[in-house]
Amino acid sequence: MRDDAIQRAIDEDLARVLYAQDALAFFTHWFVIAVLVSIYWGDMPYPQWFAACFVFYAVVNCASMGLLLYRRRRPAALSARNWIRLHALRGALLCSAPGLSIWFAFQTPQSDLPVLHTVILATLAAGVFMSNGFDVLNFSTNITLVLVPAIVLLFGSHNFDRTILAVVLTFFFCAVNLYAMSYRKLFQRVVEARVDQQQLAESLAEQKQRADEASLAKTRFFAAASHDLRQPLHAVSLLAASLNDASVTPVQHAKTADHIVNNVEALNQLFNQVLDLARLETGATQVIRLHFRLDDLFERVGSQYRPQAAAKGLALRIAPTTMVVYDDPVLLERVLSNLLSNAVRYTGEGAIWMGLRRAGRRSGGYIEVRDSGIGIAAAEQERIFEEFYQVANPQRDASQGHGLGLPTVRRLIGLLGGELNLRSAPGRGSVFRFPVQAGDPAALVASLSDTAAGGPSAQGRQVLCIDDDPSTLEGLTSLLGRWGCIARGVRNEALALRALEEGFVPDAVLSDFRLANHRTGVEALTTVREALQRKGQEGAVMLLITGEMASGELAALATQGVPVLHKPVTPARLRRMLETLWQQAEQDRARSAV
Ligand code: ADP
């Protein structure tokens with residue numbers, strides 16, 4: 001790529017330099033014509049041939065001037081390389097007349113004519129060197145035609161003086177060739193340095209533009225984020241102040257409390273959306289792929305939006321499919337939820353369609369969400385993927401969303417290895433489409449809806465939870481208890497080891513990442529795993545829960561395959577993760593037993 005650019009730059013510079021000398025060359029050749037005609041005037045051998053030769057010389061000289069004028073008018077008529085080739089042809093024709101006409105000098109008895117002609121040719125050769133030395137094709141054709149006939153004829157005349165002259169001329173011929181070679185190298189280096197500098201300047205300008213754009217995007221992000229966050233906070237502070245008002249009735253108090261709860265919930269949702277995006281950005285979101293029936297997921301997401309669609313008089317059609325996919329059902333659910341909620345929000349009448357388009361027997365297919373809604377103008381189709389960008393919500397009414405859905409969807413699909421494609425036109429609806437991988441029906445997990453509702457596999461499982469925060473520990477153990485697990489909560493590694501000594505045999509060990517006394521969940525899980533190994537109990541699955549966005553240790557855990565869940569952990573996600581880990585552990589055990 002760089003080599004091409006340099007070659008092009010060299011060619012362009014060469015063509016410019018070659019043609020730049022042509023006006024001067026035009027007068028030089030007239031001078032040579034005049035001198036040669038005058039020295040032969042008294043004793044002109046073969047006058048017709050001589051006249052024809054010099055008329056040809058004069059015509060070619062005029063034509064070369066014509067070529068120069070044409071190039072000045074239409075420099076883009078040919079590529080730089082072709083201009084160079086044409087210049088070499090013009091040079092060859094122009095130099096052939098003075099070069100070959102030395103033959104006339106040897107046809108007269110005048111002994112000084114060959115010497116005089118040779119001197120003129122040497123002068124012409126110096127001009128050729130100065131004006132054509134940069135280019136190998138132009139230089140070698142011109143210099144050969146100017147000097148080689150003279151050298152050959154001088155050597156062939158078997159005269160001592162002329163032989164000496166022939167030797168000197170040969171030496172001169174070799175010397176100018178060598179000089180021209182180093183001249184060309186120097187020229188090439190100068191052009192290379194210029195191109196390098198130009199490319200550096202261009203890339204600096206490009207980087208600066210990218211940095212400016214990123215800074216502008218960040219400014220827009222913070223302006224919109226602070227506006228959307230401040231709005232509910234402001235409302236909460238006003239509402240909270242009114243709680244102290246003694247004149248307010250208990251009914252009004254209850255109403256105010258309700259408003260506060262709603263605003264806090266809105267704030268919480270927005271925080272979660274921003275955190276989700278940040279987690280995707282820092283690469284802290286883990287992908288847990290399972291083989292599952294796509295129909296289950298469609299059904300689950302569809303059932304969430306059917307009431308809203310029905311309330312607006314919209315038909316929500318979900319195309320049935322038998323496809324088993326290999327993907328992360330939780331992340332995919334977030335993608336489909338976002339797309340369906342947008343489809344319902346931005347469709348006034350008509351229908352919404354969600355389904356799979358097969359791409360081939362093995363390679364999976366594409367999930368499509370179509371609507372017959374307001375559509376998106378071409379100019380907006382890239383901008384709607386920017387954080388906080390909304391097409392028509394200038395007053396930033398929070399009930400119309402925050403503009404974080406599509407940026408999250410695009411990043412999620414990117415994380416799952418696909419690309420989100422959008423086709424839309426104003427008034428004609430929108431189609432969002434992205435690829436999914438085909439799964440293996442033999443490796444199918446239990447139905448996704450079973451998992452969410454609490455399947456048999458959680459029942460009776462013993463789970464050891466390590467967390468230094470008592471309220472989180474309490475929440476976690478009671479959630480596990482509701483799923484039928486026997487949960488034991490401990491606040492540090494030492495208490496975890498004591499629980500093992502007391503005979504608690506866990507099927508799963510969950511630990512928070514940051515523990516008291518500068519200990520980490522990684523260390524706690526390692527200690528517990530070693531203790532279990534010593535007792536010969538190796539079946540427990542380990543899971544880390546963290547609020548960290550990005551840390552070296554977490555990245556290392558991800559590469560080691562230690563499962564990590566990020567806070568806030570939804571019960572469904574925790575449940576699904578545990579079920580999957582137990583299922584995988586059972587499959588591993590069955591495989592190693594074979
Ligand atoms: P939100 O919907 O919360 O505003 P999104 O990021 O999901 O944020 O969408 C950004 C913008 O893209 C929306 O404000 C809307 O203008 C446009 N948009 C998204 N989905 C659709 C759709 N299905 N039809 C028309 N416009 C859409």
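One-based numbering, in listed order, for ligands and for the atoms of each. Just the heavy atoms: all of them, side chains too, but no hydrogens, waters or symmetry mates, feed the values below.
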- E333 and L297: CA distance, side-chain angles, deciding distance, side-chain contact (heavy atoms from CB on, under 4.5 Å) verdict: CA-CA 7 Å; E333 183 172 339; L297 186 63; 3.8 Å; yes
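- Separating the CD atom in E523 from the CZ atom in F513 is a distance of 8.5 Å, to the nearest 0.5 Å.
- For residues 405-429, the pairs satisfying side chain to side chain donor-acceptor pair (under 3.5 Å) are E281-R411, E382-R410, E387-R411, S424-S430, with sequence neighbours left out.
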- Task: Show your working on side-chain hydrogen bond (donor to acceptor under 3.5 Å, both in side chains) between R300 and Q304 and close with a plain yes or no.
- Result: CA-CA 7 Å; R300 190 147 86 218; Q304 287 167 27; over 6 Å; no
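- Residues L339 and I367 form no side-chain contact, since every pair of their non-hydrogen atoms from C-beta on lies 4.5 Å or further apart.
- With R334 as reference, L412 is the one residue of V301, L412, D328 to meet the side chain to side chain contact (heavy atoms under 4.5 Å, CB included) rule.
- Listed as neighbours of ligand 1 are N342, R345, Y346, D371, I374, G375, I376, I384, Y389, Q390, V391, Q400, G401, H402, G403, L404, G405, L406, P407, S430, F432, each bearing a heavy atom under 4.0 Å from the ligand.
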